[in-house]
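Beneath this line is the structure, given in structure tokens, with notes to follow.
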There are 2 protein chains.
Amino acid sequence: MPTVVQNGSTTSKLSTAQRIERALIEEISAGELSPGQRLDETRLAERFGASRTPVREALSRLTAQGVLVPGEKRGVFIAEYTREELAQIFEAMHEIEAACARIASQRLNLLARSEIEAAQAECVRAAEAGDRNAYLRANEAFHETIYRATGNPYMAEMATEFRRRTGPFRAKKFRDTEDLIESAKSHQALIDDIFSEDSGTASSGMRAHMTESFMQALKAY
Amino acid sequence: MPTVVQNGSTTSKLSTAQRIERALIEEISAGELSPGQRLDETRLAERFGASRTPVREALSRLTAQGVLVPGEKRGVFIAEYTREELAQIFEAMHEIEAACARIASQRLNLLARSEIEAAQAECVRAAEAGDRNAYLRANEAFHETIYRATGNPYMAEMATEFRRRTGPFRAKKFRDTEDLIESAKSHQALIDDIFSEDSGTASSGMRAHMTESFMQALKAY
DNA sequence: GCCCACTATTTTGTATACAATAATAAAAGT
DNA sequence: ACTTTTATTATTGTATACAAAATAGTGGGC
């Protein structure tokens, strides 16, 4: 089991509030809840068989992370962005991802290499099987291995946070099996760039990958 | 009044939970609460004349932002880092700040320039007056103007978050008036680099500034 | 005198209750 | 028929209550 930073993701016992938070993150990332949608405390409470208190705690934390946004007067909503805002978020993500790729390329070791390869193998498998949900998960896992390869949990955390925010938008772009396979191919090019251990190549490789990703996300907008 | 993104920092009415959150951020940034210190819900509640509910909400949000960390079994603590962790955080911050400086240098306009100049003037004033607390605030404001100059609120938000995390550590390094003046001078060099409108110069200028800042923070560790 | 077990107290996490405010529906006036 | 005002409902923010868990304290056994 890989090292875990400061949340208890290895601990087996989760509080109700944490369970709800995780579940919501999962659903939002998978695009099951759409941007702009309102989240009602009371309904969530009964849906999760809990009281409003832990629900509020989860919503509050997700709001602090930018996944949710508070409404003008009341209620919280799944963050929804204009094209311009989306471009700004992707620009920020672009910078983070590029920095991660650069640092990772400088610190590659055997473990990191094999983890990245393994994650990519899983992406290919899911893509060829045409399993969209599996690919979404595998894709996240793939990027996570790169974050981990930086050896810097804080860079990783930041990158992950942006991934969560953009999850619903990136999810939309995968429409058919062809999209999945194309994405997996793009991964392979990225891996080559990172494994070159040249920081410039790694960084610009990731920038290319992110630009591509953004262009596709914009199309569905 | 400058434009505000998605939180209600212009709205006059704050909920109790928000007031508490702000107050705690303020105290932590100023170094009034030290890393490793435990925050007791009940005491905070009576200190702020409120119930535990809004206190918990504030603590929960601060935890989500990484300013606080949950204890092993119970309680939340002001985030405390080993030298290595601190180095990792500063590395991440280093990347963000450099990216901000680069983007800002490419998008400078008259407004941004004058805001940066004005913020720096205030830093100089506070430094020469030897007013440590005023300098701390002015210093944060100065960096915020650079973030704003990127035109990207999400980059700004990310950078601000790291500033909060490292607040207690950076605060310690300002011991006497001499330190303040030196810091203000360092700002001036940074401004020149950013105003050169050459992205490489701006970026490496910020990297130099951050490295310097980190070295001083380490000394007090 | 020291260590272990058991009890008591503190502290947290969740549930429920209540008051204030915004959204919605209804009714009256033009 | 349409707008404006009033009343009702729904939803939020905060407070209080309660149960579970963890720490501290106490006593007994060796």
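Chain letters run A, B, ... following the sequence lines, proteins first, then strands; residues in each count from 1.
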Rounded to whole Å, please give me the gap between CD in A:E57 and C1' in D:dT14. 15 Å
Taking only Lys NZ, Arg NE, NH1 and NH2, and the carboxylate oxygens of Asp or Glu, determine whether B:E27 and B:R47 approach each other closer than 4.0 Å. yes
Matching residue for A:Y154 among B:E91, B:E95, B:R165 - test: side-chain contact (heavy atoms from CB on, under 4.5 Å): B:R165
In terms of heavy-atom contacts, does CZ of B:R107 have more than 12 from other residues, nucleotides or ligands at under 6.0 Å? yes
Interatomic distance, B:Q18 CD vs D:dT12 C1' [rounded to whole Å]: 13 Å
Closest of D:dT16, D:dG13, C:dT14 to the B:T53 side chain is D:dT16
Calculate the interatomic distance between A:E46 atom CD and C:dA15 atom P; express it in whole Å. 13 Å
Apply salt bridge (Lys or Arg N to Asp or Glu O under 4.0 Å) to residues A:E57 and B:R61 and explain how you reach the verdict. CA-CA 8 Å; A:E57 189 151 335; B:R61 293 174 62 95; over 6 Å; no
Would you say B:M93 and A:M155 make side-chain contact, with heavy atoms under 4.5 Å? no
Can you check the B:R61 CZ to D:dG13 C1' distance for me, whole Å? 13 Å
May I ask you to say what A:T16 touches in the nucleic acid, namely base, sugar-phosphate or nothing, with a heavy-atom cut-off under 4.0 Å? sugar-phosphate
Send over the distance from A:L59 CG to D:dT14 C1', rounded to a whole Å. 16 Å
Under 4.0 Å protein heavy-atom contact, by nucleotide of nucleotides 6-12 of chain C - B base, S sugar-phosphate only: -----SB
Among all residues two or more places apart in sequence or in another chain, which pass the side-chain hydrogen bond (donor to acceptor under 3.5 Å, both in side chains) test with A:R113? A:E197
